[in-house]
Each structure stands twice: as structure tokens, then as C-alpha cells.
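Read the structure below first, then the notes.
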Amino acid sequence: MPESVLRLIVNGRPQQLVAADEMTLLEVVRDRLHLHGTKDGCAAGSCGSCTLWVDGVPRLACVTLAKTVQDCEIVTIEGLAGWWGKQHAADAAELHPLQAAFAEQGAVQCGFCTPGMVMGGAALLRDTPSPSRAQIQEALSGHLCRCTGYEQIIRAVQAAGRRMLDEA
Amino acid sequence: MKLEASARQTAQAVPNRIESWAKVTGQALYADDIEWPNMAYGCLVRSPQAHARILGVDLAAARSMPGVLAAIEGPGSSAPYGIMPSNQDEHALAVDKVTYLGEPVAAIAAESFRQAYAAARAVRVEYEALSPVLKAGAPEKSLPQVREESETGNLHKAVDLEFGDVATGLQTASYRREDRLFYQGNNHVALEPHAVTAFWQPNGQIVVQSATQVPHYVQRSLAKALGVPEHLVRVMVPTLGGGFGGKSELFPHEVAAALLSRRCGRPVRITLSREDVFYTHRGRHPVAMKVETGFDAESRIQAMSFESVLDGGAYGSYGIASTYYTGALQPTTYRMGAYRFHGERWYTTKPPCGPKRGHGTTQPRALLEVHMDRVARDLGLDPIELRRKNLQPAYSVTVNQLDITTSGLAACLDAVERMSSWKERRGRLPYGQGLGFACSSYLSGAGLPIYWNPLPHSGVRIAVNRDGGVHVACGLTDIGQGANTVLAVLAAKALGVCLERVQLTTQDTATTPVDLGSYSSRVTMMAGNALLAAAQHMLSLLTEAAAHHWEVPAEAVARDGEDFCVDGGGQRAGWTEVVRWAEAELGPLAASGGYTPAPPRGRHKGSGVGPSPAYSFSACVAEVAVDDLDGRVQVKRLYVAHDPGTPLNPQSVEGQIRGGAVMGLGEALMEAQAFNPDGRHRGPHLLGYRIPTILDVPEIEVAVVGEPDPNGPMGAKEAGQGPLNPVIPAVLNAVREAIGVDLSETPLTPDRVLRALERRRREEAR
Ligand code: FES
Ligand code: FES
């Protein structure tokens, strides 16, 4: 099985490891870097649970070969608060506003979709500070949630957007 | 930004989830997230055939593959087991034949998952194909028997119940009508696929960490399958990524992980793929149903006869209960003079069906509500009015001997009628648009356990420590519905302390008193009542300690916030201080409580299915638009009302109602666990099996109605399952309103709608 040296910056930290060329980014993040926040709901690009950022763009880690993101910057759910803190010179212990809003608005039930949803939603809010309902639906259309019925997730994105504008 | 929830909670403010912080930061650990030292990975070898005799399993090639640690096959590996005591028909790995495509035949453990997977593909199994059995019901030509040990051929179970004289009731009716519906089966699609880690420790104890809703039943069944005493098996449930009934019994991968662990001496993890989940299934039964009802001159139900034929799949699973449930709850919404039920469940060579949210009541509810709408049409009545004439009242006994306590059913009807502007709009919408109504009810916990025993259904142990912390231990399982939060909030309320004092240990068979599991919407009701009993004990210990200390009678001790004080006297002490007085006097403080529902009223065979301490009620109005060129049904709005008794956690109740409604929408419009003629699943993946996305969900207006129920903890009933049931028939009825065609099959996919329209066109042309 061919292997290569993989270099990534994950949640701000440089990582270097030897990985089989067939490894997905999801396997690298979960099994090799032990960041289990990124979930595997289908391993086939259909549910959005594995969403993380590659150079700031939300990507499905389960259908991304790790070697195709050589030298890229990866942000996972574990690194989102840190990324936010850096942008806003805030305390590293603070949550991204969307994380707080998910908790407050009842957007979390079993929580399995939550990391992917939050990564997708946070990318939307970064680029579109006060998204319309339709924009939120569009941005999260690749993320399945079986528990909430989605309404409370939409409310969380809206609430976080409002709070980010208020505090900007 | 800090979480505003939970940090400085008073006992009154209720957070959505006490563990939300862990779920939004990625810290929450699910079964596939936990790494054990020296862990090995397992993979199941699954049958590529729906029905075949196994002629031989050759593990030799697999054993010599890199990284392989153990390889096992079926014969001799485990004892038969099954969730229902009378249905011990399952083996973890098929023994002499396979009875559905995807049935596990062998299992491999290896150093890595990829190695286990590669080795699993190297296992050679020789099969002799048998004809697949794909239809429930008496066959036209003779078919091979699916379960060869069955004494009734492919008929798994037949049940007959009759209350009152149905034949006379139907004969003397001033109006009667018969309707039929085929309700398609579907899968739970909990977002987290099942996963387990099992470690058969050298000391003989078997530790299992599994994504299950029922650790107690898994412990029992696993001990049986492995032939060890129950106390050697410990089942722990990590954070669970949804269940909906799909993780409610012991599964082959759990047994296989334990067996592989014994072989290789290491903890073994098996995580199912999404495809595996569709084969593991235990989802909603496909059911063919018929109902006939006779009404008197006042349009009241005089007698009803209901028949259901369930396509059970390859094993018994919960099937006996599922069969009874398809007949149990019709009378909890409608009062009727007489009621007859005939149910049959058939074995077929498909993945076994079992319980899914609404267990066995969802399918008959769909037919019953479609039927009531057609009756209303025949009688020239408003559909909601016809229901109003027939509601089973609060504090009554149904014809099938179920005790109803509070009922918010009438209030549910009123709420959705008002929210949807029913009176102003129904019948006045243009062709292609329609409003449809349905109502329903559900259990707040099954009145009897799955295996007979006289023990509490739920137990809670509370310890209060000298640091002022409260530790609550209960075997309940939080499947994502918020059970842990309810328990913690109730503990804080009952003890009069702030929520931050409360720590929980739950979902672990070794360290908590038994709770039977997260099924039948029983947790709030049963663990809640057990908690209240334990808290009452604990409070009396503390109150007496304060009374001794102050040398006053216990009745003189009152509470002011967390503090204890004496009314009118100057004495006052904080919670922790009183705890220390009590510990000094009594030793370490612990109190326990249990809950057992009252015995069911009915004495007939089958009377164990249906009784509950309380029933929830729901109603729904669906507003749809149907495109009669492409057959697409668009649900534009849903109005859902639900009676959960006292909502202990209002945000969570709203979440359950919305989540249930959207799951119902999926069943109504798109979801089908369907098979090709050779027994292959039509699409065992999330592209082939679609569930509602954020784009499919209409606006849903929610109303919470009802009153505190005397049997519920602080008045609470259920909200987890009930709100799903009325959504499906409300959509069916709305589509009828929109295009004037009666549909006789779910889900309402465009092809079905087009076929129905086409039929009507042909009929009109004649
Ligand atoms: S796990 Fe990647 S999309 Fe489902
Ligand atoms: S919260 Fe369970 S899948 Fe979204």
C-alpha cells in the first residue's frame, strides 16, 4: 500500500505523519490525530456529519483523500473556538457564537450532526453575516439532522448572526 | 462568548441539554469515538444472498491476511437469543442458512479496520440458493420456510381480540364503510451508525460500550448468547447519536465483538457502515391493513373491526409486540361500542423489522385517520366535527380496557383548527391545494416490562456528599431526547437545589439501578417518578437532621431557596451545612426510589400491550400543494398540537414535536425500505434512501396543550413519539383534498401520485 508523508496544519498546529495514500481526511483526523469531534455518519458524502474546513472552505472529510490537501490548513470543530478567538482577539476558552447559539436555541439533540452543522453554519456566517432563511437552508442543505426537524438549527444560525453583528 | 445556559442555573430555569456544551465543541464521545488501549477492529462478513443454505465457510485465506487476529463463524459460537422471551430465534452469526441479504455469517478481528475489512472479503462462503420470500400473507404457491423451527410455516404470529359484539354492531349500523391501506416500511436512520467495543477481560468480566437504547436488555441477552451469568456483563452507553427504536435490542455485531475479544484477548471495536445499518434495520414494519366501522344515526362509532398483516422480515425481534400494537391504540382516541382486532406477522427473507418511533401504532393510525376522513365525506360532516363526536373522554376506560387519565385531545383539535384557519380555508383552496387533518395518541411508557418480572421498571439512587454535591444514579439512557437533562432538572427541583450541584451517572448496568431503557416513551414517566421517590427520602433525612440539630419537630423545618430554616424562629442553615449535620449523624447519605406502573386492567391474552400510566395526545393539520403534472407533493405547512402533560423542559418538548413531525413527513413523502425481487435492498445508502433535508421542511406551527397528569412526575407525559403519528395521515388527507384522489399506499412519491391520477383519468374516461 503506497504511503506518503502528509503535512497539514490542523487547528493551528503543524502536523506531519506518514499515511497510506488511500486514507481519507476523515480517517486522518479521527484515527491518526484523535480528533473525534468530526463525525462519520455515512462515509459516502451524503450526510454532512464529517464537515470541516480546508483552507477555510467547508469540505466533506469522508470523501476527501488526505493527500489531496497536502499543506492545507484544516479547522475542525475542536479548533473552531480557537479560530474565532484569533479573529477577535478573544479568550481561547470562549465559544464561537454559533456554538453558544446551538446550545441556547435547542438546536442540539443527540448532537451527532452538530459538529458538521456548526462548521457549515460558521462558514456561512463568516461570509454572510446576516443570512436569510433561504441562504441558511441552502448552506446547510447537505447536512442531515434526524432529531431536530431543523427549525431550531435555523434559529441558532440567525441568533448567532445577530449577536455577531451586535458585537462587531 | 460563554454558554449562558447551565452555568448559574436556578432550579427553575431549564437548559436545553445539560451536555450541550460537549456536543457543540466536539468533546462529547460517542461509541465510535472512544479509544481503548490496544484496541483491535472487527468486521462482519455479510451474506450476499437473501435466502440460502450455507454449505461451508472457509476462513483459512482470511486468517493468513496481514494483521488478522481472529476469525469466527456461526456454528457453536453463541447461544440463540431474542428480545421477546418467547422468540429466542437469533444467532449472532448465521448457523446453517442465511435469511436476508446482509445477514452476518462470519467475523474478523484485525489490527486495523482496513485489514479487518480486507480479510472479511477474503472469507469464502459457499451457498445453495433458496427462493426468497418477499411477501407477507398466505402465499399462492408454496414457498420455502424462512425459520425452519417455526411450527406455523412463515406465519410468525396471529392474534385475535374482540371487545363487545362487533358483528351485531356492524350489522345494525346506520352507516358503515371499509377502507384499506398499505403502509410501507422504513428505517430509523439515526445519524450515528451502531458501534460497539467489547472487552472480554482475562478476569472473566465482559465490558461492553455500545450505542444502545437498552443497556439492561443488552446485558441480559448478551449474557444468554455468551452463556455467562449476567453479573459478568457490564454494558455502558456512551453519548448516543439517536435511536428512534433502532438500537433497542442485542445485535449481531455486539455478540461478535465479545466473541472476537475472547479470541484475541483485546478490546474489539465494531462500527457499522451506513449500509450495514439498513441491513440491521428493525425499522417500521410494512403493514397491509383493512378497517371496517359501523356508525349509529348520530355518527358515533358503534363497532370497528381492524385487520393488519405485518411483513416481519427474517426474525421475530419485537414482532409479537409490534403485532399487538397495530391493534392497541385505535380506541384511545375514539370511543366505540365494540372493537375487534385481527393481526398477523409473517416471516420474509428481508432484514428484520422492529420498533420505530410510534412502534406499531403509526401504520394503523394512518389508515384509521384516512378512514375517518372518508367517513366524514360520506356523511357530509366536517372531518374535525366527526372526530369531536367520537373522542374518548379524559378519565375513562377504553373498550379494550385501557385507563385514560388526562386527555388534551379536544384541545389539540381546537388548536390545529384555529392555527390553520381550518373553518375559513378548508374546501376553499384551489385545485391542487388542500388541508388535511388527523389526530392520534401514544403511550407514556409500556405498562409491562418485556420479560415478566415484579421488579421496578426504573430505579434511582441519590447520594449527597459533604461537599454539597448531589449524585444521581439511574440506568436510564439518553438517546439524544434529553433524558439526562430531565433527570438532573427534576433532581434539582425536587431537592430544592441549583442544577450545578447535580452530577449524573446513567446508562451503565454496573453502577446504576436498572431502568428498562429508552423505548415506549417511558423514561420521563418512570425514571422521573423513581427520582421523585428517591428525592423525597433524601429530603426527609436532611429535614430530620436539621430538626435534631435545632431541637424542633421536623414539621417546623422549612426551605427558603436552598437553605433550611425554621418558620418564625431565627434558625437558618445552608444546604451543605445541613448535609454535613446529616452525614455526621447517619453516615454517608444515600436514598433510593423505584417506580412500577399500576397493573393493567385487562385480563385477556395480549392485555399487556397498550396499557400505560398515561397517554399523550396529538393532532395535525397539513397544508399541501400537489403538482398534477409531475406528481410531486409539497407540504407547505404543518400545524401540530401535542398534549405532553406538564412540559418539564419546554424547549426540549418543542424539539421532540418538530423532530417527530419531520420524521413523519419523511415517512409520508419519501422513505421506503424497499427491496428488489431478488431480495436486494433498493438503495442501502443515504442517496438511495432519502430523509428530509433542511430544504424539505416546511414551516411548522406548534402548540403545546394539556394539563398536569396525576400519574406523571410533576404532571409530565411523553412527547418523543406521539407527535409523529398524526402527520402522515394529515398529509394523506390533504392530498385527497388537493387532487380528489384517494391514495392507498405510502409513501406518496411522485410515481404513486401520478399513477393514482392516471387511474382516475381512465375511470373518468369510461
Ligand atoms: S460522513 Fe461524510 S458526508 Fe456523511
Ligand atoms: S441532533 Fe441528532 S442528528 Fe441532529
Side-chain angles (χ1 to χ4, degrees), chain A residues 1 20 22 30-31 34-47 49 76-78 80-81 84 90 93-100 102-115 118 136-138 140-154 163 167, chain B residues 1-6 15-17 19-30 32-35 112-114 188-193 239-244 271 273-274 479-482 651-652 654-663 685-687 691-695 697 699-700:
Chain A
M1 212 181 288
E22 61 183 20
R30 283 179 58 84
D31 303 344
H34 314 287
L35 295 168
H36 293 289
T38 306
K39 302 297 180 217
D40 177 353
C42 72
S46 307
C47 75
S49 322
T76 69
I77 187 71
E78 291 91 342
L80 182 65
W84 171 256
E94 298 205 350
L95 299 177
H96 184 284
L98 187 58
Q99 292 174 306
F102 260 63
E104 287 158 13
Q105 298 290 327
V108 181
Q109 287 191 28
C110 83
F112 201 79
C113 69
T114 307
V118 167
I136 296 170
Q137 288 177 308
E138 176 67 35
L140 297 181
S141 60
H143 295 258
L144 298 178
C145 173
R146 193 56 152 172
C147 301
T148 61
Y150 300 106
E151 179 62 30
Q152 284 150 312
I153 291 173
I154 295 174
R163 200 180 297 174
E167 285 171 13
Chain B
M1 183 130 336
K2 294 265 197 261
L3 278 184
E4 279 159 24
S6 89
N16 168 49
R17 292 286 186 278
E19 76 290 353
S20 304
W21 66 269
K23 290 176 171 171
V24 299
T25 54
Q27 289 298 122
L29 292 174
Y30 297 73
D32 187 48
D33 298 340
I34 300 170
E35 295 186 14
S112 74
F113 175 72
R114 279 182 184 271
H188 320 80
V189 193
L191 213 54
E192 176 204 27
T239 308
L240 199 69
F244 312 112
T271 302
S273 69
R274 181 55 61 187
I479 62 176
Q481 85 280 50
Q651 195 182 47
S652 203
E654 185 191 337
Q656 288 298 315
I657 295 172
R658 290 184 179 281
V662 170
M663 193 176 272
H685 39 74
L686 296 174
L687 279 179
I691 67 170
T693 71
I694 200 167
L695 290 170
V697 172
E699 265 185 64
I700 303 176

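Below, read A as the first sequence line, B as the second, and so on, with proteins coming before strands; counting in each chain starts at 1.
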Side chain from CB out, backbone as N, CA, C, O: work out which of these in B/F113 comes under 4.5 Å of a heavy atom of chain A, or both, or neither.
-> neither
Residue selection (most heavy-atom pairs with chain B, distance under 4.5 Å) from A/R146, A/H36, A/E138 = A/R146
Tightest non-hydrogen contact, residues B/Q651 and A/Q152, listed as O-NE2, 3.5 Å
Does the pair B/D32/A/K39 count as a salt bridge with the N-to-O cut at 4.0 Å?
-> no
With rounding to the nearest 0.5 Å, note down the distance linking OG in A/S49 to NE2 in A/H143.
-> 9.0 Å
Side chain, backbone, both or neither: which part of A/I154 has a non-hydrogen atom closer than 4.5 Å to chain B?
-> side chain
Could you give the distance from NE2 (B/H685) to OG (A/S46), rounded to the nearest 0.5 Å?
-> 8.5 Å
B/E35 portion near chain A, given a 4.5 angstrom heavy-atom threshold = side chain
Could you tell me whether B/E19 and B/K23 have a side-chain N and a carboxylate O separated by less than 4.0 Å?
-> yes
Using non-hydrogen atoms and a 4.5 Å limit, figure out which bit of A/L144 sits close to chain B: side chain, backbone, both or neither.
-> both
Please state whether the side chain, the backbone, both or neither of B/A28 comes within less than 4.5 Å of a heavy atom of chain A.
-> backbone
B/V662 and side chain to side chain contact (heavy atoms under 4.5 Å, CB included): which partner among B/I694, B/T693, B/V697?
-> B/V697
Toward chain A, the part of B/L191 with a non-hydrogen atom under 4.5 Å | both
